[in-house]
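Everything on this sheet refers to the single structure shown next.
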Amino acid sequence: MPRSSSSLVSSLLGLRGNGRACVYTEPMWGLSMMLVLPYASVFMLALGVHDEQIGLLATISMLSQVVFGLLSGVITDKLGRRLTTAVFDVVAWSIPCLIWAVAQNFWYFLVAAVINGAWQVTQNSWDCLLVEDVSRSELTKVYSLVKAAGEFSALFAPIAALLVSRFGLEPAVRLLYLNAFVIMTAKIVILYRWSTETATGRLRREQTRGVSTWRLLGEYRGVLGLIVSSKGTLFSLAIAAIVGAVALVNGTFWQVVINQHLLVPDPLLPFFPMVRSILSVLFFFTIIPRLTHARHLQRPTLWGFGVYLAGQVLLVTIPAPAGTATLSTYALLGVCLLLDAFGGSILFMLAESLVALHVDQHERSRVMAIQRTCVMLVTAPFGWISGWLSGMDRTWPFVLTSGLLVLGLAVTARLWVTTHTEPSPVA
């Protein structure tokens, strides 16, 4: 086994405290949200929601995330990382799952989208819980483990396929949402039980005790100054925004294009994210550690954008079959999955790592709140834009993502900034 891969396995086995609690509970996504996400957009189409409305819902969800993201730093500091994660995971996931399970039309999905935006609070608090007690040299490996743990989730996809094949799309998806409510709630309880408040979290909780929320929000002006004055932070924000916009479009319309344009049957839809996830896990324990264990991260970032771009271009150029998906359709989609698995995985890990590496360690929660708010404001319009494009031609959203990935290549090649101490090479 390569030394870098062996090091990643050692990191997994050697996790302790909050790192272990966060990483080890991530696969529970596989028995909850990952079972239903491949059907989310197709389920909406089945209930009469149009492409443009699906895109609008993605944008509204993102705008909701902007509001919650702006508040996330203050909430995380006042309640602490651990309690914030527990409370807002219930709000962001348990409650919307019940709404989705009984949804009848666009308005149900609208309400659920607004409430689900609260996950940005837990994205901040959970991230702080995960990394604040971790050495900076271990950050890329920790994010790799998080991504790999999440990817293992898709191994449960055949369960969803069997349910859809047995009961039909709509009844099966409703059942899967109810299951997600149960499993996600269990995940929240287990994470709370196994975790402890971080040292920085305890300090920030004491510092903000008795300080009003409005005053803390007003202090964001100083935090914003930290971001604007750091070229490295601005660069990492640009990368995160591009990756986020591409992820938004793919997460909303990838299943739609293969189902409605390439005519892949409903029961087969979960197998595609499952295969992508298996490939991602393989890459995380083989090629990706070799590329990202070095001191400088520009070259692997370029590789990520380039390979991801190839996958998106290929998806656009696959010919639409006459009746149902053909063997060549599935073969070309397999190549798309291979390219997306590598490009998407390495970019997710690097985008998160670059933000974490550039952030001011003493103001992590508030800086990351501002950063995520900026990223979401930039990416929010792409939900509506991609829905509008999909309404005209279901391949056009991926022409858009291809353009974004070209932009990512240009930004990385010409504007790369190293103003931090990047991870040292691992033994």
State the [atom1]-[atom2] distance between [X] and [Y], to the nearest 0.5 angstrom.
X: Ile190; Y: Thr185; atom1: CD1; atom2: OG1; answer: 11.0 Å
X: Leu56; Y: Ile385; atom1: CG; atom2: CD1; answer: 12.5 Å
X: Leu407; Y: Ile242; atom1: CG; atom2: CD1; answer: 4.0 Å
X: Ser94; Y: Lys187; atom1: OG; atom2: NZ; answer: 10.5 Å
X: Ser390; Y: Trp396; atom1: OG; atom2: CH2; answer: 11.0 Å
X: Ile99; Y: Ile115; atom1: CD1; atom2: CD1; answer: 4.0 Å

Mutual orientation of the aromatic rings belonging to Trp93 and Trp119 [parallel < 30°, tilted 30-60°, perpendicular > 60°]: tilted
Ring geometry between Tyr177 and Phe43 (parallel below 30°, tilted from 30 to 60°, perpendicular above 60°): tilted
Arg394/Asp51 under side chain to side chain contact (heavy atoms under 4.5 Å, CB included): CA gap, chis, key distance, verdict: CA-CA 9 Å; Arg394 289 198 162 101; Asp51 293 69; 2.8 Å; yes
Heavy atoms, side chains only, cut-off 4.5 Å: are [X] and [Y] in contact?
X: Ile239; Y: Phe305; answer: yes
X: Val87; Y: Ile75; answer: no
X: Ser345; Y: Ile288; answer: yes
X: Leu47; Y: Phe106; answer: no
X: Leu178; Y: Phe181; answer: no
X: Met34; Y: Leu37; answer: yes
X: Phe382; Y: Leu400; answer: yes
X: Val23; Y: Leu130; answer: yes

Criterion side chain to side chain contact (heavy atoms under 4.5 Å, CB included) on Phe342 and Leu291, from CA distance to verdict: CA-CA 12 Å; Phe342 176 81; Leu291 294 175; 3.6 Å; yes
To check you understand the geometry: which heavy-atom pair defines the closest contact between [X] and [Y], and what is its length?
X: Leu409; Y: Gly306; result: CD2-N, 3.8 Å
X: Asn105; Y: Val49; result: C-CG2, 4.4 Å
X: Gly201; Y: Glu132; result: N-OE1, 3.8 Å
X: Ser32; Y: Met184; result: OG-SD, 3.4 Å
X: Gln104; Y: Val102; result: NE2-O, 3.3 Å
X: Ser72; Y: Gly69; result: OG-O, 2.6 Å

Within the 6.0 Å centroid threshold, strictly below: Tyr108 and Trp100: no
For Arg82, salt bridge (charged side-chain N to carboxylate O under 4.0 Å, His left out) partners two or more places apart: none
Worked check of side chain to side chain contact (heavy atoms under 4.5 Å, CB included) between Ile346 and Phe283: CA-CA 9 Å; Ile346 195 171; Phe283 286 136; over 6 Å; no
Just by distance, do the side chain of [X] and the backbone of [Y] share a donor-acceptor pair under 3.5 Å?
X: Ser165; Y: Ala161; result: no
X: Thr59; Y: Ala380; result: yes
X: Ser195; Y: Leu191; result: yes
X: Lys78; Y: Val211; result: yes
X: Ser61; Y: Leu57; result: no

Sequence neighbours excluded and cut-off under 3.5 Å, please list the side-chain donor-acceptor pairs for residues 243-258, or say none.
from	atom 1	to	atom 2	distance (Å)
Asn250	OD1	Gln312	NE2	3.2
Asn250	ND2	Val246	O	3.0
Asn250	ND2	Gln312	OE1	3.0
Thr252	OG1	Leu248	O	2.8
Gln255	NE2	Pro38	O	3.2
Gln255	NE2	Leu269	O	3.2

Candidate pair Phe272 and Arg276, rule side chain to side chain contact (heavy atoms under 4.5 Å, CB included), full reasoning: CA-CA 6 Å; Phe272 290 90; Arg276 184 191 290 115; 5.5 Å; no
Arg202 with Glu206: basic N within carboxylate O range, under 4.0 Å: no
Carboxylate-amine/guanidinium proximity below 4.0 Å for Arg81 and Asp127: no
Derivation and outcome, side-chain hydrogen bond (donor to acceptor under 3.5 Å, both in side chains), residues Ser125 and Thr85: CA-CA 6 Å; Ser125 62; Thr85 301; 2.8 Å; yes
Sole candidate of Asp77, Thr76, Thr198 that passes side chain to side chain donor-acceptor pair (under 3.5 Å) when paired with Arg204: Asp77
Distance-only side-chain donor-acceptor flag, Asp89 / Thr122, under 3.5 Å: yes
